[in-house]
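Atoms considered below: every heavy atom in the structure, side chains included; atoms not considered: hydrogens, waters and symmetry mates. Within every chain, numbering begins at 1; the chains are lettered A, B, ... in the order of the sequence lines, protein sequences first and strands thereafter.
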Amino acid sequence: MSQLNKKDIIQLLERIAVYLEIKGENAFRISAYRKAAQSLERDERSIEEIEDPAKLAGIGKGTAGIINDFLETGTTELLQELESEIPEGLLPLLKLPGLGGKKIGKLYQELGVENAETLKAACEAGEVSNLAGFGKKTEEKILAAVNEMGKRPERLPLPEVTRTVEELTAFLQDIKEIDRFELAGSFRRGRETVKDLDFIISTSHPVSVGEKLVTHPNVTAVIGHGETKVSVELTDKETIVPVDFRMVEDESFATMLHHFTGSKDHNVLLRQIAKSRGESISEYGVKNEESGEVTHFDTEADFFHHFDLPWIAPEVREGKEEIDDAAHVKELVSMEDMKGDLHMHTTWSDGAQSIDEMIEACRMKGHAFMAITDHSKFLQVANGLTEERLKRQHEEIRTKRETVDDLHVFTGIEMDILPDGSLDYGDEVLKEIDFVIASIHSSFSQDEETIMKRLEAACRNPHVAMIAHPTGRLIGRRDGYQVNLERLIDLAVQTGTILEINANPNRLDLSAEWAEKAQEKGALISINTDAHRYDMLDHLSYGVRNARRGWIRKETVVNTWSVKQLTDHLWKNRL
DNA sequence: GCCGTTTTCGGCCCGACTGTTTTCAGTCG
């Protein structure tokens, strides 16, 4: 059974937790299995490398025994027992809003509900509303939820919510009773996808603000409407975006913001620290357990300082290393460090803006440098540049850059790596170009070996400075091609090739996890927008947040370097 | 189920809202 890996074990533990939840087990026993799963997830090692799981925090004798049984026999007594007691069809019902383990357990025991279908039938027959603790409204909600089941994605890619974020931001700014507000939640932490949007609102008039919130024209459902919390759904085109608003007095704004920025695991860590000091944290402040006195904070930084911690960036609040490594948070790359954008398109290929327009836009952004990197000839659908057009474009860029003195414009190209592993231009063309990007836009279905041959050819070419969007993924839409990232990172380190974090919120490629690994191995990273229009130049911040999630330090990111440092690097080792 | 300089029992983060009750359990974040 050696083919079982760590992911299988994590799934096993989570499955056990779900079964126990439906069984109505002790909540702490349930969360113990979840904690054990998390502990495994966080550990860098493979299961073979962990000789004794019981040594991990949150895994004791019991769970370690289960893990070892599972590794040896492919199953465990506990799981078999649970499977025989509880129908598997109940498990997905836990995802339905309003249904938890207790209610599902009751539906099973009292009504014999075993899956979505029988649940639906029970609702339609009116049996559910007859149960003690259930009523007409609960039955209606469950029925609606069953009918909606599977129709909606669990998490939304960032581009699906950005318009709603902008609209709500403008909407909140116009409400007079609001003193300040901020978007918290996983959006603030820079996650690739979000489940909902959490707005924290400082106001002394929560009720009247709440009444105004539900009048937003895009609100298509009000899920909850209390005195300090309003939950709604906004519809933007086809996408339903769940949004929570929390209203709070200004003195509690900082702690409320911290609480709803999360993550949940991060909050648990901090609350444990507070507890050990005789204090307790809630979203309203920090309470001294002895005196009962509650301390409030002006800012999140003050709140962290109270616990002798520096301000911890939201992007790393995942309940992992951020407390122990808090001192390193200030070394993470930030938007202020970013001096330029090295991947963008113009009307010469498939961009919407001219060279002049892009230069002017980058000047307005205060960039110190930029690279114009249109597509190469292979990409005919994108009007890729022939050698002849490339030459003319670069002449134009060289002429124009003489007229701009506060911004350096690198000549560049986003060159295709062809399906056969060759590059779209010869060295005699590439050797003239300041910033050569190589990337894959074709034959995504090739096997790993072929894909890696293509990427290796690009890395080993002395003129190629960077591999763009290294995996080709589109978040929530496609996985990308078969790339062996470990190997690509090694190649990048060996050859001095930069790896991109493509900042387009549809891509975020490399992901934070892989960027972190790349940095650990010594690779250089560049964060770029790949802008095809003016507004896409603003995407840089998505890339930076993604990098920060991967603990990427300023010096790893070439966009933070000076023009001279970057130029030296680009021309090093080229003939 | 896990944990321990409050250590082998008794905790385990804390609060809002809903729907069901008639004082609170369940769910959610």
Can you tell me if the side-chain N/O atoms of [X] get under 4.0 Å from OP1 or OP2 in [N]?
{"X": "A/Tyr284", "N": "B/dA16", "value": "yes"}
{"X": "A/Ser282", "N": "B/dC13", "value": "no"}
{"X": "A/Ser231", "N": "B/dC17", "value": "no"}
{"X": "A/Lys275", "N": "B/dC12", "value": "yes"}
{"X": "A/Arg271", "N": "B/dC13", "value": "no"}
{"X": "A/Thr63", "N": "B/dC2", "value": "yes"}
{"X": "A/Gln272", "N": "B/dC12", "value": "no"}
{"X": "A/Lys141", "N": "B/dG19", "value": "yes"}

Scan [X] against the nucleic acid and name what it touches under 4.0 Å (heavy atoms): base, sugar-phosphate only, or nothing.
{"X": "A/Lys103", "answer": "sugar-phosphate"}
{"X": "A/Ala57", "answer": "sugar-phosphate"}
{"X": "A/Ser280", "answer": "sugar-phosphate"}
{"X": "A/Lys195", "answer": "sugar-phosphate"}
{"X": "A/Leu96", "answer": "sugar-phosphate"}
{"X": "A/Leu99", "answer": "sugar-phosphate"}
{"X": "A/Leu270", "answer": "nothing"}

Would you kindly compare A/Phe260 and A/Gly60 by the position of their nearest DNA chain B nucleotide and give the one closer to the 5′ end?
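Closer to the 5' end of DNA chain B: A/Gly60.
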Closer to the 5' end of DNA chain B via nearest nucleotide, is it A/Lys264 or A/Gly226?
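The residue mapped nearer the 5' terminus is A/Lys264.
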Any donor-acceptor pair under 3.5 Å from A/His296 side chain to A/Tyr284 backbone:
yes
Backbone N/O of A/His266 and side chain of A/Arg317: donor-acceptor pair under 3.5 Å
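Here the side-chain-to-backbone pair does not exist.
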Closest of B/dT18, B/dG29, B/dG1 to the A/Phe28 side chain is B/dG1
Candidates B/dG29, B/dG1, B/dA16 - which lies nearest the side chain of A/Asp198:
B/dG29
Would A/Glu279 and A/His306 count as having a side-chain donor-acceptor pair, cut-off 3.5 Å?
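On atom types as modelled, these side chains qualify, holding a pair under 3.5 Å.
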Can you label the angle between the A/His216 ring and the A/Phe171 ring as parallel, tilted or perpendicular, going by 30° and 60°?
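Geometry flag for A/Phe171 against A/His216: perpendicular rings.
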Are the ring centres of A/Phe304 and A/His258 closer than 6.0 Å?
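Yes.
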